[in-house]
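Reading through the structure tokens given below for one structure.
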Number of protein chains: 2
Amino acid sequence: MVHTLSTRTSMELLDSALVQIFAGNLKRLRKKARLSQEELALRCGLDRTYISGCERGIRNPSIVSVEKIAEALNVPAKEFFENGR
Amino acid sequence: MVHTLSTRTSMELLDSALVQIFAGNLKRLRKKARLSQEELALRCGLDRTYISGCERGIRNPSIVSVEKIAEALNVPAKEFFENGR
DNA sequence: CTGTGACTTTCAGTCCGTC
DNA sequence: CGACGGACTGAAAGTCACA
């Protein structure tokens, strides 16, 4: 039923499967670590609203940002790109 | 003959382990696929010099760029972040 | 075929908020 | 606590000429 989400709301999901996979894994792994977005942001030196955007799949982070997040969560970077999991 | 590299070449390696891991894996996987930087660039719609910069570890690509490269090489994205190989 | 410096445009990433 | 908006700055995207 995936209704064709055509409404042009300001910020939209990025049209990249990998970005969406990353988003889901980030949310899952952050919760697993029992951290709020704010706490995680503090740990990796990124902005609270940026972490939020990453989890919602509307941000396209660089490798350096992925690395910061991975270190803060003590998880190997490649885990954020696992699909089946 | 590695002449005494004292000249301050403005472009330097990015100070990120993950960027360097990505760089090495990209070069290795591209060669494994028997492609030139130019051919790979064409396949993923990126510039030849951009691929070059990625392999040399002086570019910090975003997830979307990683995805384009991974698809062009027919390799899961996570492979680019494997360490031990 | 690839490395490199220089360059402009686009967007990653920050900081202020409100709901 | 998290989704989301607007405005901003610096860094990534993307290109080129030449070694």
Side-chain angles (χ1 to χ4, degrees), chain A residues 5 7-16 18-20 22-73 77 80, chain B residues 1-3 5-16 18-20 22-73 77 80:
Chain A
L5 47 91
T7 42
R8 277 292 146 259
T9 53
S10 60
M11 274 299 211
E12 35 181 322
L13 283 189
L14 293 191
D15 183 24
S16 154
L18 197 55
V19 164
Q20 302 308 325
F22 175 79
N25 281 327
L26 170 53
K27 188 158 207 162
R28 179 176 57 79
L29 291 167
R30 174 181 62 79
K31 293 199 160 173
K32 191 173 167 192
R34 304 264 190 299
L35 292 173
S36 69
Q37 293 179 347
E38 210 160 14
E39 286 168 327
L40 173 57
L42 270 169
R43 284 203 192 189
C44 46
L46 292 171
D47 196 80
R48 163 181 76 78
T49 64
Y50 187 64
I51 298 291
S52 170
C54 285
E55 289 192 358
R56 282 180 289 139
I58 63 178
R59 292 287 185 160
N60 175 26
S62 69
I63 291 184
V64 168
S65 294
V66 171
E67 183 176 33
K68 287 178 185 168
I69 293 171
E71 283 174 358
L73 288 176
F80 291 90
Chain B
M1 259 329 177
V2 186
H3 87 289
L5 50 90
S6 48
T7 44
R8 269 294 141 258
T9 52
S10 66
M11 271 303 212
E12 29 186 319
L13 284 188
L14 293 190
D15 185 26
S16 154
L18 197 55
V19 164
Q20 302 310 324
F22 175 79
N25 281 327
L26 169 52
K27 187 159 208 162
R28 179 177 59 79
L29 292 166
R30 174 181 61 80
K31 293 198 160 172
K32 192 173 166 192
R34 305 264 189 304
L35 292 174
S36 69
Q37 290 180 350
E38 211 161 13
E39 287 168 326
L40 173 57
L42 270 168
R43 284 202 193 189
C44 44
L46 293 172
D47 196 83
R48 171 184 78 74
T49 64
Y50 186 67
I51 300 291
S52 170
C54 287
E55 288 192 359
R56 281 179 291 138
I58 65 177
R59 294 278 187 162
N60 176 23
S62 69
I63 291 184
V64 168
S65 294
V66 172
E67 182 176 33
K68 287 177 186 169
I69 293 171
E71 283 175 357
L73 287 176
F80 291 90

- Query: So, is A:Lys27 close to the D:dA3 phosphate, meaning a side-chain N or O under 4.0 Å from OP1 or OP2?
  - Reply: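 Yes, within the criterion.
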
- Message: On the nucleotide C:dG3, are OP1 or OP2 found under 4.0 Å from the side-chain N or O atoms that B:Ser52 carries?
- Response: yes

Could you tell me how far apart [X] ([atom1]) and [N] ([atom2]) are, to the nearest whole angstrom?
| X | N | atom1 | atom2 | result |
| --- | --- | --- | --- | --- |
| A:Gln37 | C:dG13 | CD | P | 16 Å |
| B:Glu38 | C:dG3 | CD | P | 12 Å |
| A:Leu26 | C:dG13 | CG | C1' | 15 Å |
| B:Ile51 | C:dG3 | CD1 | P | 11 Å |
| A:Arg56 | D:dC1 | CZ | P | 17 Å |
| A:Ile58 | D:dG2 | CD1 | P | 15 Å |

- Contacts of B:Glu55 that satisfy salt bridge (charged side-chain N to carboxylate O under 4.0 Å, His left out) - sequence neighbours left out: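 Per chain and number, B:Glu55 pairs via salt bridge (charged side-chain N to carboxylate O under 4.0 Å, His left out) with B:Arg30.
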
- Inter-end axis angle, the helix from C:dT2-D:dA19 to C:dC19-D:dG2, with every axis fitted to five base pairs (rounded, 10 degrees): 50°

- Item | Pairs flagged by salt bridge (charged side-chain N to carboxylate O under 4.0 Å, His left out) wherever residues 34-49 of chain B is involved - sequence neighbours left out | none

- Query: What string of B, S and - do you get for nucleotides 12-19 of chain D 5' to 3' if you count protein non-hydrogen atoms under 4.0 Å?
  - Reply: SBBBBBB-

- Query: So what does A:Arg34 touch, heavy atoms closer than 4.0 Å: a base, only the sugar-phosphate, or nothing?
  - Reply: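 Touches nothing.
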
- Message: Test your reading of the model: is there a side-chain donor-acceptor pair from B:Gln20 to the backbone of B:Leu14, 3.5 Å cut-off?
- Response: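 Looks like yes, one N/O pair under 3.5 Å.
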
- Main-chain N/O of B:Leu18 paired with A:Glu67 side-chain donor or acceptor, under 3.5 Å: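 Side chain of A:Glu67 to backbone of B:Leu18: a pair is present.
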
- Return each pair, listed once, that meets ring-ring contact (aromatic ring centres under 6.0 Å, His included) where at least one residue sits in residues 42-61 of chain B; pairs must be two or more places apart or across chains. none

- Among all residues two or more places apart in sequence or in another chain, which pass the side-chain hydrogen bond (donor to acceptor under 3.5 Å, both in side chains) test with B:Ser62?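 In terms of side-chain hydrogen bond (donor to acceptor under 3.5 Å, both in side chains), with neighbours along the sequence ignored, B:Ser62 is linked to A:Asn60.
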
- Value rounded to 0.5 Å, distance of CG in B:Leu46 from CD1 in B:Ile51: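 B:Leu46 CG to B:Ile51 CD1: 5.0 Å, rounded to 0.5 Å.
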
- Task: To the nearest 0.5 Å, tell me how far A:Ile63 CD1 sits from B:Arg59 CZ.
- Result: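 Rounded to the nearest 0.5 Å, the CD1-CZ separation comes out at 12.5 Å.
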
- Can you name the ring pair (Phe, Tyr, Trp, His ring centres under 6.0 Å) partners of B:Phe80, sequence neighbours left out?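 Only B:Phe22 meet the ring pair (Phe, Tyr, Trp, His ring centres under 6.0 Å) criterion with B:Phe80.
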
